[in-house]
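Please read the structure below before turning to the comments.
This chain uses plain numbering: 1 for the first residue, then up along the sequence.
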Amino acid sequence: MKRRMLLVTTVILSASFLAAGCSKPASEPQNGATGAQTPAPGKQVTLRFATWDTGDLLKIQETIARQFEAKHPGVKVQVEAYGDGFDQKLAASIGANNAPDVMYMWDFPTYSQNLEPLDAMMAADAGLKPDDFYPGLFNYVKIDGKTYGMPAGFMTRVMYYNKKLFDEANVPYPKAGWTWDDFKETAKKLTNPAKKQYGFGVRAENDPYDLQGVIWSNGGSFISPDGKSIEGFMNGNETAEVLQMFGSLIKEKTAVIVGGKNQQSGDDIFKAGKIAMWESGVWPLDGFKEAKIDVGTVIMPAFPGKKLKGVIAESAVSISKSSKNKEMAWEFVKYYASDEAIKLRTSDLPVRKSVVAEKKLDQDPLYQSFYKMLEACDDTPAFLLNPKWNEVNRNLTSAINTIMLGQNAKDSLDKAVKDSEKFFK
């Protein structure tokens with residue numbers, strides 16, 4: 001999940017590889033409706049599985065592969081660790097007509113033409129239990145109505161808060177149903193310049209993707225629902241209001257810029273007790289626990305009279321269109337999305353309701369906010385609506401970062417729209 005943000009700068013390179021190097025896929029066997037057959041005695045089928053995980057997370061992928069092999073004699077799963085070079089290596093392998101059979105996936109607009117649609121296999125496989133998945137997750141794996149990935153894990157974004165700082169300031173903990181006005185008042189009360197302590201941390205460098213939930217909550221959007229226009233959306237009043245709000249927190253000195261050049265990250269500053277509230281996904285939670293921070297989580301604030309919205313960071317597993325072992329690849333994808341495999345994975349949150357219920361994550365005070373936010377995720381991110389979004393995103397990112405440094409939000413967004421209009425012609 002976190003990988004989506006780490007890899008976003010490589011997508012243009014990936015796209016160029018795809019455009020220049022993709023050859024016609026090899027001949028494709030028909031997909032079986034009832035699953036793959038066990039290979040004939042003495043014959044071995046090798047499935048290649050590409051992942052971006054490294055270190056301990058890679059060991060988990062290896063464990064999943066070995067367990068799948070144990071259930072499918074004659075099948076070998078070759079785990080290929082592409083690491084931080086995932087997009088470049090995947091694009092190069094596709095361009096050389098040597099794509100892995102199964103791969104981690106998030107950037108469906110770039111790769112969908114090289115992926116096998118899964119809808120027919122899903123519909124024919126009663127063992128999949130699609131109703132056990134949280135429905136909003138499938139919005140993020142579709143292009144033009146076709147499903148190209150099986151949800152594997154997700155993260156939503158919540159507000160972390162340091163209970164110790166709240167207690168010292170005698171400020172009540174935030175609760176579900178709070179508003180952005182409540183948030184701003186709370187941030188003021190938790191700001192103590194003498195201690196260099198601030199109510200909130202604002203990123204110096206922002207990923208527009210992560211801000212979409214707040215902007216949707218205010219009735220705004222970066223792009224039109226049909227993906228064909230940004231004028232009046234990216235620079236619309238509702239969008240500008242949200243970004244100006246964050247910029248104003250810095251001007252009012254109730255928030256501090258974090259994560260800029262030669263600066264500590266917001267995670268580290270939160271752990272140091274210098275910001276009382278911090279908005280993020282689930283990945284820093286273990287670090288906060290290890291640092292013995294008395295941390296709480298709460299769903300994001302809402303705007304008065306408007307529906308709370310959230311955004312999902314999602315990882316999925318996909319099948320290559322050129323795979324010669326699609327039936328067995330589907331069996332692996334299905335196993336990867338099974339309760340057994342999901343319980344092994346620790347890098348993001350479980351996608352099956354049954355696993356969540358068993359682990360009682362939806363009742364855990366620290367994790368339940370992530371699942372409550374999932375219920376608010378029914379919008380489609382901009383990058384899934386327009387194939388040119390990566391180019392537009394660069395201009396939008398620059399605009400947002402200038403706003404956080406004090407520039408007028410409407411002016412900065414107007415410039416981003418003007419600079420990006422060429423991508424819509």
Side-chain angles (χ1 to χ4, degrees), residues 1-2 5-6 55-57 153-178 180 182-207 210-211 213-214 246 249-250 253-260 262-301 310 313 345-350 356 359-374:
M1 312 312 309
K2 194 174 180 181
M5 295 181 288
L6 293 174
D56 290 340
L57 297 180
F154 82 96
M155 294 185 194
T156 48
R157 306 185 72 83
V158 303
M159 192 72 72
Y160 289 94
Y161 59 94
N162 186 319
K163 293 182 179 180
K164 178 183 177 182
L165 299 184
F166 273 73
D167 292 342
E168 290 176 349
N170 198 29
V171 175
Y173 301 151
K175 295 181 179 180
W178 64 326
W180 282 103
D182 297 330
F183 164 83
K184 288 185 282 187
E185 286 300 313
T186 300
K188 287 179 183 178
K189 294 176 182 177
L190 288 158
T191 297
N192 187 337
K195 294 183 178 181
K196 294 184 179 180
Q197 174 189 310
Y198 297 88
F200 185 62
V202 174
R203 293 173 177 83
E205 298 179 359
N206 293 270
D207 186 340
D210 299 329
L211 292 168
V214 184
F246 286 119
L249 289 171
I250 300 165
K253 297 184 178 180
T254 56
V256 62
I257 287 277
V258 300
N262 299 321
Q263 289 182 316
Q264 285 184 297
S265 70
D267 292 353
D268 288 338
I269 295 175
F270 184 84
K271 284 191 284 189
K274 295 301 181 182
I275 52 176
M277 293 182 289
W278 176 238
E279 178 270 341
S280 191
V282 77
W283 49 83
L285 182 53
D286 284 343
F288 296 158
K289 292 178 181 177
E290 291 171 6
K292 301 190 183 304
I293 304 298
D294 192 4
V295 64
T297 65
V298 63
I299 64 173
M300 296 296 291
R345 300 180 66 248
T346 60
S347 59
D348 41 28
L349 294 168
V356 173
K359 292 189 171 187
K360 298 183 178 179
L361 292 177
D362 54 346
Q363 301 175 40
D364 188 302
L366 286 176
Y367 289 94
Q368 63 182 197
S369 296
F370 294 99
Y371 284 93
K372 287 181 178 178
M373 287 302 303
L374 181 58

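- Taking the six-membered ring where the residue is Trp, F288 and Y160 present perpendicular rings, their angle passing 60° and hence far from 30°.
- Side-chain contact between L285 and V295: present, with at least one pair of heavy atoms (C-beta onward) separated by less than 4.5 Å.
- Between S265 and F270 there is no side-chain heavy-atom pair separated by less than 4.5 Å.
- At a threshold of 4.5 Å between non-hydrogen side-chain atoms, the residues M159 and P301 count as touching.
- Checked for salt-bridge contact, E290 and K271 miss the test: no charged N lies under 4.0 Å from a carboxylate O.
- A cation-pi arrangement is found for R203 relative to W278, the charged atom lying closer than 6.0 Å to the ring centre and inside a 45° cone about the ring normal.
- In terms of heavy-atom proximity, I299 sits nearest to A176 at CD1-CB, 3.7 Å.
- The line from CZ of F246 to CD1 of I257 is 11.5 Å long, rounded to the nearest 0.5 Å.
- The nearest pair of heavy atoms linking L190 to Q197 is O-NE2, 2.8 Å.
- T156 places a side-chain N or O within donor-acceptor distance of the main-chain N or O of F370, the cut-off being under 3.5 Å.
- With contacts defined as side-chain heavy-atom distances shorter than 4.5 Å, the pair F154/D348 does not qualify.
- K164 has no carboxylate O lying under 4.0 Å from a charged side-chain N of D167, or vice versa, which leaves the two without a salt bridge.
- In this structure, the side chain of T297 engages the main chain of P365 through a donor-acceptor pair within 3.5 Å.
- Proximity of M300 to K372: side-chain heavy atoms (C-beta onward) are nowhere separated by under 4.5 Å.
- In this structure, K274 contributes its side chain and K195 its backbone to a donor-acceptor pair below 3.5 Å.
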Practice prompt. Just do the side chain to side chain contact (heavy atoms under 4.5 Å, CB included) check on K184 and F200 with the steps written out, would you?
Written response: CA-CA 9 Å; K184 288 185 282 187; F200 185 62; over 6 Å; no
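- Taking 4.5 Å as the limit, every side-chain heavy atom of R157 sits out of range of all side-chain heavy atoms of V214.
- The environment of NZ in K163 is crowded: more than 12 heavy-atom neighbours from other residues, nucleotides or ligands sit within 6.0 Å.
- Residues N206 and D210 form no side-chain contact, since every pair of their non-hydrogen atoms from C-beta on lies 4.5 Å or further apart.
- Within 6.0 Å of the NZ atom in K289, the count of heavy atoms belonging to other residues, nucleotides or ligands exceeds 12.
- Residues meeting the side chain to side chain donor-acceptor pair (under 3.5 Å) test with W180, sequence neighbours left out: none.
- How far CG of L165 is from CD1 of I275: 9.5 Å, rounded to the nearest 0.5 Å.
- Put simply, the side chain of I250 does not reach to within 4.5 Å of the side chain of V256, judged on heavy atoms.
- Using cut-offs of 30° and 60° on the angle between ring planes, the pair Y173 and Y161 is tilted.
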